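Comments concern the structure below.
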Amino acid sequence: MWCSPLISLQLSVLAVPAHAVVVPAVLAHAIAVAPHHHSSFVHVLASGERHRRAPQEHEPAKRRRTGEENPLPDIGIARRGVGGCGLVPVVAVDVVAAEVVVSLLLMMMIGFGFGLIRQVTTRVPIPSTAFPYFLLVAITETTLFGGLFPSMWQGRLLAHSMRRPWDAEDRVILGCISRPFGLSLHVFDNNYPRREPWALMTPMKISLFSWLFFVPICSIFLNLGIFVVSQNCLSDQRDLLQRFKNNLQFNHALSTKLVHWNASSNCCSWEGVTCSNGINEGRVIGLNLTKESIYGELVNSSPLFSLQHLQNLSLAFNNFSKSTIPAGFGNLTNLSYLNLSNAGFEGQIPLEISNLKRLVTLDLSISSLWSVSMLKIENPDLAMIVRNFGELKELYLDGVNISASGNNWCEALSSSLGNLTVLSMSNCYLSGPFNSSLSNLHSLSIIRLNFNPFNAPVPEFFANFTNLTSLSLSSCGLYGTFPEKVFRVLTLQTLDLSNNGLLQGSFPEFLPNASIRSLLLSTTNFSGALPDSIGNLTMLSRLDLSNCNFSGSIPKSIANLIQLVYLDMSFNEFNGLIPSFSMAKNLTQINLSHNNLEGSINSTRWEELIKLVNLDLGYNSIGGSIPMSPFSHPSLQKLQLSNNNFSGGLQEFNVSSYPLNTLDLSSNNLEGPLPASVINLQGIKSLLFSYNKFNGSFQLDGIQQLRNLSNLDLSYNKLSINYNGTTSSLLFPHFTTFKLASCNLRKFPDFLRNQSKLNTLDLSKNQIHGEIPNWIWKFNNLTYLNLSHNRLVTLQEPLPNLPSLLSVIDLHSNQLQGKLPDLPPVVQYLDFSMNNFSSVIPTSIGISLNFTIFLSLSSNKFQGEIPQSLCNGTYLLVLDLSNNSLSGAIPQCFYAMSETLGVLNLMRNNLSGTISDKFPGKCGLQTLSLNGNLLHGKLPESLANCSNLEVLDIGNNHIEDVFPCYLKNISRLRVLVLRSNNFSGSIGCDGSNVTWPTLQILDLASNNFTGQFPNKSFSTWKAMMANEDKVVSKLNHLQFRFLHFGQLYYQDMITVTSKGLAIELVKILTIFTSIDISANKLDGSIPEDIGDLKSLYIFNLSHNALTGKIPPSLGNLSELESLDLSSNMLKGEIPMQLVDLTFLAVLNLSFNKLVGWIPQGKQFATFSENSYEGNRGLCGSPLVTKCTNVTAPPPSATQKSEGTSSTTLIGFDWQFILTGLGFGVGAAVFVAPITFWDKGRKWHDDSIDKILLVILPMMGLSYTGCYNAKVEAEEDIEDENTEDSEDNDDDNEMEDEEIRGRYCVICSKLDISRKRVIHDPLCACLNSPRISSFSSASSSSS
């Protein structure tokens, strides 16, 4: 046995049950090194510590998000088997010489002996670590010097307690055991690993016989240890667990633990059950039933609360049927970990929870994704619940209704939870402000307080938490300025301040060693430029600055953020070029949309971002061509480049093998044909090319190859969509959105009839004629239908019920006739205007208006009274019944509806009665149009309650009243039309209060107003005085935005009188201004201050009794286009300053008492004699009457403005005379032969024709010779007569029988400089309504 040569024997022990293991839970490893047969060097490592792992950090956020079970914190015990030895891992034991074996047995014996002696002498229970009691680490060095007797045995034994510090008894007992073996004991205090001392045993020389003497003793202790370790769980514990299970209700199909509990087996081996080791082994100390699909009620008598040794308990993610948390939890006083999150409990948290003084982690949180129940802490309050939690480190109360003020909840936490490291109380209805006592929680590392109505500023002391790693204050109503010091907390990794719209702040200079990994500031009021030092945040992986007010360029240093995964900087004011992100290889999303970024994207190497999934650069000013590299990106799924300035064509590309599923290039300047390779986008789901300049034809049959395509929009291009219908409709992909507006379609594509998933269908502005097929109404999922601006006439019979989900129906501008169809029950937007629907409005229409916000039946042929059921539309924002033949009174319920109604348009009907004085105190009307009816009485004073009113049009009625000064406090009023009524008295209001500072259109024509021109009133009309630059900066249209998320507007349309015609402004620009007070009885003079209205476009004071002179200050109205002062008693000369009105297109000074020369030059050269007729004292061109006064100013003379000197030219200026004479002679020499010599004239015309025929085609123009034109002109006249006749027939169908006269519809627009409004003179002339020559009306357009 003790031979000199080294004998090596290796035993391999596989995983076996605990009762069969000789050395439980011991990992032994020996390495034998034998350079020669005389010596050996052996190291043996033996561990007697129980199988154990360190507690993992609690991660409630991840657990709540994924539903993953949270493992119970390990408390140093095995999870299965007796004494932690259910299945022992494979143990390899290298036995090198018998001496090593004896050494190991010796160490085991010392451990067992120490535990037993201490048990007997002190009656202190053996710790749960079982046997051996110590972690035994033996390093044995054995030296054999030949022969059979070893000369020396050297070794060291290292042991430490795993449960408590060493005491005197420990030293005595260990010393007694070790000395017989020649070991001396030295104890010293090293704080490793848990402030526990170490004992170092050093060996002495011993004989071989001493070793052999203790071998039997070693075997006894070893067998005893095996007996102790292999005990079963206690029967009372098993019975309690079994009874607990029997009382529970759970889904056996979904359970993974309870369903496997078997009463005949060892309960410590049950899934989710953890038992203790040692003398007290077999007691249940851990129970994890997370996500066991438990339901029903948990009562106080439950056997669960008799498991008083429990240290860890989790019942998370179950459904205890909205029962309250039982008070029995207070009996489990040994609990250090309790997790009842998302368990279905509700009601008050019991006070007995506060008995759990040993709690380290408490999780009572509720996630709305898992539970709809609500726990609360009310009585007892938070301070009472946490008063005994001195050892608590992690507190999770998310979703619990605490409803405490800042002082209460802050002081409750700070006074009792001094060791708190994790504070998670999101959505707890906590209020502010933050109390400074919160700063006493010095150990705080994670603060999560999202979704609480603090409505307070962020305190500075958050920067004092030196261990802070995460601060989340999203959606808390925070305001004020965020302290920059928080950004400089070196340990900070996550900062979430999103959705605090009033919170201001800016970025500081970031430190180089910052630890920030996630920075979320979306939807806040942070502003300013991004500092270059943002590149120091090299650990940053998530950056969300969307919907803030950041400006300036994006710094190039952002390229240093190589760890970036998510980047969202949308909805800001960033400008300049897009920086490079090529170093951030992990980027998956880039969203820079809704900014002012410029340049191109051709220089960016998008292919280097190999993980990029979403690229959104929409709504910027990026130009140039679109590169092809994104189309072949290996991981890119969404490419959104809409609303930019991209131009040029799309090249062909090969993308059949790439994952692109969304391609949005809409609203750019792309042109040319669509590339044929679009059909190769096999994975494409959304293809959006609308609002570009693509041309050519597109074969609709080709899209059948795109099997995944669900969203197609090719609207508003120059494409011609072809569909031959030869392909089976079943081969086309199933669309959810299909938009081909303005694509020259002539019929409905047949394949649509089989589209069962269709949600949105837009075929507007095409040339589809005939009937609407009834299969359109069979799409059960259809919510949006737009067939407007076609030539549709009827609805195919039989007409089924409209889809129940249909919320938007737009059929306006067709020729539909007959009765109004039955409406779906949840329609929100309904536009049947500009059709030929007749009969009466169905009385049952209100049944379908419970959710309607827009209803327009205007410009049809409806008759009868307005049905009362329309008042069921309590959500209506726009109601337009104009241009029909409706009669009767205005329903009284309409006035009550005006509290929510934004637009009420009843113009051009036959409504009678009075306007009720019942407008509510919170009237919300923005547009009220009653023009062209038979209303009488007075204008109701309760209209003053409509403080948001912008357009008030009651013209062409029989209202008898005075000027409505009671409306002067409506500061937003922009349009006031009172024309053609019986208003009387003076114009204007007394007092110094500002009257209508935004007024831009005033029409008081054809009334009985008397007195002088309102000097005081017009001085307050600031909108008419604004200078040109200021006006252009606020350019907009008068409109009512009724659907904010859908960008839908109701456009007001007003009729004004100019050039003797009633002109309808389809869209009223906010810079268009007009004053019409014609056909009244005003007297006195025109005030000089009228020149302050510099933004005035139309000024009409005709048909009054005005006297005095025309004020020269009218020359200051530089924007004036129409001036009508006819039929007054004005006298004096025409001011020369009027010549400076370069935009003046209409001038009427007829029938006054004006005298003197007519000014010449500029616009005055374009006016006919009709502009001056009826003034006997006027002379000069264009009148026949010649001026004989030689002292009169010559035609070219221009009198200076008031305040400057005037110059009278006397004598002759020979330079001008000779210049004119030269031009005259030259022209006569050239013109005379052409005029009187036929051959010369024909030669001249032929030469000009030849020149033009060569030049004009080069410019893309066509030219017809003058002689050919004569023949074609006659044909054109016949064609025009025919077309006019047809047009008139169509127009007559849309108007009443009694209308007469002519009016023109034009649109306001800007000139090329975008600084001046011009009106299209090529307007379509239509029959005018039943109004006088000076009347006006208003209409509406949507």
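Just so it is clear, the structure is predicted and the values come from calculations on it, not from any experiment.
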Q. Aromatic rings Tyr829 and Phe854: how do their planes relate, parallel, tilted or perpendicular, breaks at 30° and 60°?
A. parallel

Q: Answer yes or no: is there an ion pair linking Glu899 with Lys922, defined by an N-O contact shorter than 4.0 Å?
A: no

Q. Under the 3.5 angstrom rule, does the side chain of Asn1104 hit a backbone N or O of Leu1082 as a donor-acceptor pair?
A. yes

Q) When you look at CG of Asp822, are more than 12 heavy atoms from neighbouring residues, nucleotides or ligands closer to it than 6.0 Å? A) no

Q.
Just verifying a value: how many Å separate Leu1149 CG and Ser1171 OG, rounded to the nearest 0.5 Å?
A. 7.0 Å

Q. Would a 4.5 Å heavy-atom cut-off, applied to side chains only, mark Leu999 and Leu976 as touching?
A. yes

Q: Answer yes or no: is there a donor N or O on one side and an acceptor on the other, between the side chain of Ser848 and the main chain of Leu823, under 3.5 Å?
A: yes

(Q) side-chain contact (heavy atoms from CB on, under 4.5 Å), that's the test. Do Tyr479 and Asn525 meet it? Break it down for me. (A) CA-CA 9 Å; Tyr479 61 82; Asn525 200 22; over 6 Å; no

Q | Spacing of CG belonging to Asn933 relative to CD1 belonging to Ile959, to within rounding of 0.5 Å | A | 9.5 Å

Q. Would you say the side-chain atoms of Asn883 and Ser858 include a donor-acceptor pair closer than 3.5 Å?
A. no

Q | Rounded distance (nearest 0.5 Å) linking atom CG of Leu935 with atom OG of Ser912 | A | 7.5 Å

Q) Going through the distances and angles, do Ile1075 and Leu1096 end up as a side-chain contact (heavy atoms from CB on, under 4.5 Å)? A) CA-CA 8 Å; Ile1075 295 179; Leu1096 200 59; 3.8 Å; yes

Q) Under 3.5 Å, is there a donor-acceptor pair between the Asn1100 and Ser1102 side chains? A) yes

(Q) Tell me the closest heavy-atom pair linking Tyr895 and Thr914, and the distance in Å. (A) OH-O, 3.9 Å

**Q.** Side chains of Lys1109 and Ser1085 in contact at under 4.5 Å (non-hydrogen atoms)
**A.** no

Q) Considering only heavy atoms from C-beta outward, does the side chain of Leu881 approach that of Leu870 to under 4.5 Å? A) yes

Q.
Quick check for you: to the nearest 0.5 Å, what is the distance between Leu1114 atom CG and Leu1144 atom CG?
A. 10.0 Å

Q | Donor-acceptor contact present, side-chain Thr998 to main-chain Leu973, <3.5 Å | A | yes

(Q) Check whether Asp1083 reaches the backbone of Leu1106 with its side chain - one donor and one acceptor, N or O, closer than 3.5 Å. (A) no

Q | Option passing side-chain contact (heavy atoms from CB on, under 4.5 Å) with Asn931 (candidates Asn909, Ile954, Val977) | A | Val977

**Q.** Where Leu857 and Asn860 come nearest, the two heavy atoms and their spacing
**A.** O-ND2, 3.1 Å

Q: Report the C-alpha distance between Ser942 and Asp917 in whole Å, list the side-chain angles of each, state the deciding distance to 0.1 Å, and finish with yes or no for side chain to side chain donor-acceptor pair (under 3.5 Å).
A: CA-CA 6 Å; Ser942 59; Asp917 196 9; 2.5 Å; yes

Q: Give the intermediate values and the outcome of side-chain contact (heavy atoms from CB on, under 4.5 Å) for residues Asn905 and Thr927.
A: CA-CA 8 Å; Asn905 191 345; Thr927 297; 5.9 Å; no

Q: Would you check if there is a donor-acceptor pair between the side chains of Asn981 and Asn1007 at a distance under 3.5 Å?
A: no

Q.
Keeping Asn836 on the side-chain end and Leu816 on the backbone end, is there a donor-acceptor pair under 3.5 Å?
A. no

Q) Shortest non-hydrogen contact from Trp996 to Lys968? A) NE1-CA, 3.5 Å

Q. Can you name the nearest heavy-atom pair linking Asp831 to Ser833, along with the distance?
A. OD1-OG, 2.6 Å

Q.
For Leu939, is there any backbone N or O sitting under 3.5 Å from a side-chain donor or acceptor partner on Asp961?
A. yes

(Q) Would the distance check show the side chain of Asn945 and the main-chain N or O of Leu943 forming a donor-acceptor pair, the cut-off being under 3.5 Å? (A) no

**Q.** Side-chain touch Leu949/Leu928, heavy atoms, less than 4.5 angstrom
**A.** yes

Q: For residues Pro825 and Phe851, report the shortest heavy-atom separation together with the two atoms involved.
A: O-CD1, 4.2 Å

Q: Please report the C-alpha distance between Val827 and Leu806 in whole Å, then the side-chain angles of each, then the deciding distance to 0.1 Å, and finally whether the side-chain contact (heavy atoms from CB on, under 4.5 Å) criterion is met.
A: CA-CA 6 Å; Val827 64; Leu806 191 57; over 6 Å; no

Q: Check the angle between the aromatic planes of Phe963 and Phe1009 and answer parallel, tilted or perpendicular using the 30° and 60° thresholds.
A: perpendicular

Q. From Asn1008 CG over to Ser984 OG, what is the distance, rounded to the nearest 0.5 angstrom?
A. 6.5 Å

Q | N/O donor-acceptor pair under 3.5 Å between Asn957 side chain and Leu930 backbone | A | yes

Q: Mind checking the OG1-CG spacing from Thr874 to Asn850? Nearest 0.5 Å is all I need.
A: 6.5 Å

Q.
Any non-hydrogen side-chain atom of Ser839 less than 4.5 Å from a side-chain atom of Gln863?
A. no

Q) Taking side chain as C-beta onward, heavy atoms only, is Phe1099 less than 4.5 Å from Leu1120? A) yes

Q. Just by distance, with hydrogens left out, do Asn948 and Arg972 show a side-chain donor and acceptor under 3.5 Å apart?
A. yes

Q) Do side-chain atoms of Asn1152 reach the backbone of Asn1128 as a donor and acceptor pair under 3.5 angstrom? A) yes

Q: Can you label the angle between the His812 ring and the His789 ring as parallel, tilted or perpendicular, going by 30° and 60°?
A: perpendicular

Q: Give the minimum heavy-atom separation between Ser869 and Pro842, together with the two atoms involved.
A: OG-O, 4.4 Å

Q: Taking the side chain as every heavy atom from C-beta outward, state whether Asn1116 and Ile1090 have any pair of such atoms under 4.5 Å apart.
A: no

Q) When Ser980 is tested against each of Asp1003, Leu1004, Asn956 for side-chain contact (heavy atoms from CB on, under 4.5 Å), which residue passes? A) Asn956

Q. Does the side chain of Ile1001 reach to within under 4.5 Å of the side chain of Asp1076, using non-hydrogen atoms?
A. no

Q: Begin from the C-alpha positions of Ser1113 and Glu1088 and carry the test side chain to side chain donor-acceptor pair (under 3.5 Å) through to its verdict.
A: CA-CA 6 Å; Ser1113 61; Glu1088 188 71 27; 3.2 Å; yes

Q.
Tell me whether the count of non-hydrogen atoms from other residues, nucleotides or ligands lying under 6.0 Å of OH in Tyr966 goes above 12.
A. yes

Q: Could you tell me whether the side chain of Ser1078 and the main chain of Leu1101 form a donor-acceptor pair under 3.5 Å?
A: no

